[in-house]
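Here the structure is a predicted model, which is why all the values come from computation and not from measurement.
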Amino acid sequence: MTVIKQAGLTLIEVLIASMILFMALGLIGTIFQQSFNTQRQAQKYISVAKDYSNLQSRIRYELSAGEATGQILIGTTVYTWKATLIEKAPERTNQSPEMSENDVVFGMLHLFLINVSVEANSSLNFEFKQAIWLSNTD
């Protein structure tokens, strides 16, 4: 009786090996996709954080001019903002020893809640509080 030895793989072994391979590829693809999405979201936040100081000073200027809403273009990004008055402080005088009585400025300290949204990405919104002195001489 002759015994024949097989040198190849059976169909079941090939199917199991290919199933393991495709599961590993799927897992690697999912990890890569999540990493890419996280990196893209981080770049958006970094871009907004870079513009934050400029944006805050421009909103402060607009508030002192009497505006309560607006749009600001910084680079290629459009920021839409809206200010809501939270609180007013009582009227004060701003008189220092160097000022004469004719130079006294009356005004109130206003606290605003500023809501900002980024036009390019509607899911990227943030808010901050801004205190500003508004004089009554305007």
Rounded to the nearest 0.5 Å, what separates atom [atom1] in [X] from atom [atom2] in [Y]?
X: E87; Y: L113; atom1: CD; atom2: CG; answer: 12.5 Å
X: L55; Y: K50; atom1: CG; atom2: NZ; answer: 13.0 Å
X: E13; Y: L15; atom1: CD; atom2: CG; answer: 10.5 Å
X: K88; Y: H110; atom1: NZ; atom2: NE2; answer: 4.0 Å
X: S64; Y: W133; atom1: OG; atom2: CH2; answer: 14.0 Å
X: Q71; Y: S117; atom1: CD; atom2: OG; answer: 8.5 Å

Counting C-beta onward and ignoring hydrogens, is there a side-chain heavy-atom pair between Q43 and I46 closer than 4.5 Å? no
Any side-chain heavy-atom pair from L111 and K129 closer than 4.5 angstrom? yes
With clusters built from Ile, Leu, Val, Met, Phe, Trp and Tyr whose side-chain heavy atoms come within less than 4.5 Å, directly or transitively, what are the remaining members of the cluster of I16, listed by chain and number? I12, I20
Show which residues join L27 in its hydrophobic cluster (side-chain heavy-atom contacts under 4.5 Å, direct or indirect), or state none. I31
Check against side-chain contact (heavy atoms from CB on, under 4.5 Å), Q130 and I59: CA-CA 9 Å; Q130 179 70 55; I59 289 174; 5.8 Å; no
Contact summary for [X] and [Y], nearest pair of heavy atoms:
X: G75; Y: L73; result: O-CD1, 3.6 Å
X: N125; Y: V118; result: OD1-N, 4.2 Å
X: I114; Y: V116; result: CG2-CG2, 3.9 Å
X: A83; Y: L63; result: CB-CD2, 3.6 Å

Side-chain heavy atoms under 4.5 angstrom apart, residues restricted to Ile, Leu, Val, Met, Phe, Trp, Tyr: same cluster for L85 and I132? yes
Donor-acceptor pair, side chain of R60 and main chain of A131, under 3.5 angstrom: yes
Has the side chain of Q56 got a donor or acceptor atom that lies under 3.5 Å from a matching backbone atom of S53? no
Contacts satisfying ring-ring contact (aromatic ring centres under 6.0 Å, His included) that involve residues 50-87 (not counting sequence neighbours) are Y52-F128
Apply the test side-chain contact (heavy atoms from CB on, under 4.5 Å) to residues R58 and I74: give CA-CA distance (whole Å), side-chain angles for both, the deciding distance (0.1 Å), then the verdict. CA-CA 10 Å; R58 288 177 67 179; I74 299 177; 3.7 Å; yes
